Amino acid sequence: MGKTALIVIDMINTYDHQDAEFLIPAVETVLPQVTGLLERARRQGVPVIYVNDNFGEWRSHHGEILDKALSGPHSRLVEPLKPDDSSLFVVKARHSVFFETPLTYLLHQQGIDRLVLCGQVTEQCVLYSALDAHIRHLQVIVPRDAVAHIHADLADAALRMMERNMGARVCDSGELWT
């Protein structure tokens, strides 16, 4: 049995984009569960890896992305999720956490073969990341109460697809690292 990592997808966010008005209420709902996962993972020594969109800012790095989100009007959604000194950070430009990022290499170097995916957006980045993890023969766990959506019906379908088509374990966040 290998090692597990918590992957936090796109939660360092300014919410200054299309569909943000639909996403923000879902983020508010899942925020306590995501922060709970972060706390428990860190307490158990589980690696935490933030994989975050660069929002088209090709010269930015993780510190700049975080600073911009914390100085924006929705900083209350980012503050509780800030990376700590042990967190790893991968910048992405497209939906999947794997697309043209060094994540596969990082996971291999760390001996990680099981991912807990949390964050946003269930029916987009989380779904595509789960598929890309599956084709890389990584085990996937998705806590349904720790992923935010834009469209609830599509999120429900995405969770079913991850479970049925990709063999992902879909569970409640409270079942992890208790």
Side-chain angles (χ1 to χ4, degrees), residues 4-44 46-53 55 62 65-66 68-70 72-84 87-92 94-98 103 114-134 139-164 166 168-178:
T4 301
L6 177 62
I7 308 296
V8 182
I9 303 171
D10 289 337
M11 292 298 286
I12 309 303
N13 201 308
T14 61
Y15 299 96
D16 181 24
H17 52 76
Q18 182 180 358
D19 293 328
E21 70 273 12
F22 302 113
L23 179 59
I24 289 171
V27 171
E28 291 169 336
T29 300
V30 304
L31 190 60
Q33 289 71 244
V34 175
T35 58
L37 280 172
L38 282 166
E39 290 166 6
R40 293 192 308 275
R42 289 173 175 148
R43 199 170 40 243
Q44 296 286 324
V46 173
V48 174
I49 305 170
Y50 290 78
V51 184
N52 215 91
D53 200 304
F55 304 105
H62 71 279
I65 294 168
L66 179 61
K68 187 173 182 180
L70 288 172
H74 301 289
S75 61
R76 65 185 167 73
L77 301 176
V78 178
E79 180 68 37
L81 305 171
K82 290 191 314 192
D84 67 7
S87 300
L88 302 174
F89 204 102
V90 174
V91 177
K92 70 179 184 72
R94 298 293 295 172
H95 295 83
S96 172
V97 297
F98 292 97
L103 184 61
R114 185 180 315 103
L115 306 180
V116 175
L117 303 178
C118 69
Q120 58 186 318
V121 168
T122 309
E123 65 271 26
Q124 295 174 15
C125 299
V126 176
L127 174 64
Y128 304 145
S129 298
L131 175 60
D132 280 353
H134 174 72
Q139 296 175 32
V140 176
I141 301 169
V142 181
R144 70 174 64 81
D145 58 343
V147 288
H149 61 270
I150 294 172
H151 303 286
D153 60 331
L154 296 178
D156 290 341
L159 289 169
R160 286 194 314 275
M161 288 172 61
M162 287 182 253
E163 192 169 41
R164 175 168 287 185
M166 299 165 213
R169 175 179 166 213
V170 177
C171 63
D172 292 325
S173 62
E175 296 176 33
L176 304 171
W177 308 302
T178 57

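FYI, the numbering just counts along the sequence from 1. All values derive from a computational prediction rather than experimental measurement.
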Check your understanding: Y50 vs F89 aromatic rings, parallel, tilted or perpendicular, using cut-offs 30° and 60°?
Key ->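 Aromatic pair Y50/F89 classed parallel.
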Review point. Any chance CZ of R164 has more than 12 other-residue heavy atoms, nucleotides or ligands included, within less than 6.0 Å?
Key: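 No.
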Practice item. Take atom CG of D156 as the centre, draw a 6.0 Å sphere, and report whether it contains more than 12 heavy atoms from other residues, nucleotides or ligands. Key: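 Yes.
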If I compare all heavy atoms of [X] with all of [Y], which pair ends up nearest, and what's the gap?
| X | Y | answer |
| --- | --- | --- |
| L103 | I49 | CD1-CG2, 4.1 Å |
| E123 | H151 | OE2-N, 2.7 Å |
| D53 | I65 | O-CD1, 3.9 Å |
| L117 | V147 | O-CG1, 3.8 Å |
| L70 | S75 | O-CB, 3.1 Å |
| L176 | R169 | CD2-NH1, 3.9 Å |

Under 3.5 Å: donor-acceptor pair, side chain of [X], backbone of [Y]:
| X | Y | answer |
| --- | --- | --- |
| Y15 | L23 | no |
| T178 | E175 | no |
| Q33 | S173 | no |

Check your understanding: Can you check whether L127 reaches M166 side chain to side chain, under 4.5 Å on heavy atoms?
Key ->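 Counting from C-beta outward, L127 and M166 do come under 4.5 Å.
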Point to revise | pair R160-V170: side-chain heavy atoms closer than 4.5 Å | key: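 A side-chain contact is absent here, since even the closest heavy-atom pair is not under 4.5 Å.
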Point to revise | Full working for side-chain contact (heavy atoms from CB on, under 4.5 Å) between I150 and Q120 | key: CA-CA 9 Å; I150 294 172; Q120 58 186 318; over 6 Å; no
I need the [X] [atom1] to [Y] [atom2] distance, nearest 0.5 Å.
| X | Y | atom1 | atom2 | answer |
| --- | --- | --- | --- | --- |
| T4 | W177 | OG1 | CH2 | 6.5 Å |
| E163 | I141 | CD | CD1 | 12.0 Å |
| L6 | R114 | CG | CZ | 13.0 Å |
| C118 | D10 | SG | CG | 11.0 Å |
| I24 | N13 | CD1 | CG | 8.5 Å |

Exercise for review: Evaluate the side chain to side chain donor-acceptor pair (under 3.5 Å) criterion for residues R144 and T122: first the C-alpha distance (whole Å), next the side-chain angles of each, then the deciding distance (0.1 Å), finally the verdict.
Suggested key: CA-CA 9 Å; R144 70 174 64 81; T122 309; over 6 Å; no
Practice item. Tell me, please, which residues at least two apart from E79 pass side-chain hydrogen bond (donor to acceptor under 3.5 Å, both in side chains). Key: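 E79 satisfies side-chain hydrogen bond (donor to acceptor under 3.5 Å, both in side chains) with K82 once adjacent residues are dropped.
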Check your understanding: Between L81 and V8, is a side-chain contact (heavy atoms from CB on, under 4.5 Å) present by the stated rule, with each step listed?
Key -> CA-CA 9 Å; L81 305 171; V8 182; 5.7 Å; no
Check your understanding: With a 3.5 Å cut-off and no angle check, do the side chains of D132 and S129 form a donor-acceptor pair?
Key ->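 No, no side-chain donor-acceptor pair sits under 3.5 Å.
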Review point. Is there a side-chain contact (heavy atoms from CB on, under 4.5 Å) between H74 and T14 once you walk through the steps?
Key: CA-CA 6 Å; H74 301 289; T14 61; over 6 Å; no
Exercise for review: Determine, step by step, whether R76 and E28 satisfy the side-chain contact (heavy atoms from CB on, under 4.5 Å) criterion, reporting the C-alpha distance in whole Å, the side-chain angles of both residues, the deciding distance to 0.1 Å, and the verdict.
Suggested key: CA-CA 9 Å; R76 65 185 167 73; E28 291 169 336; 2.8 Å; yes
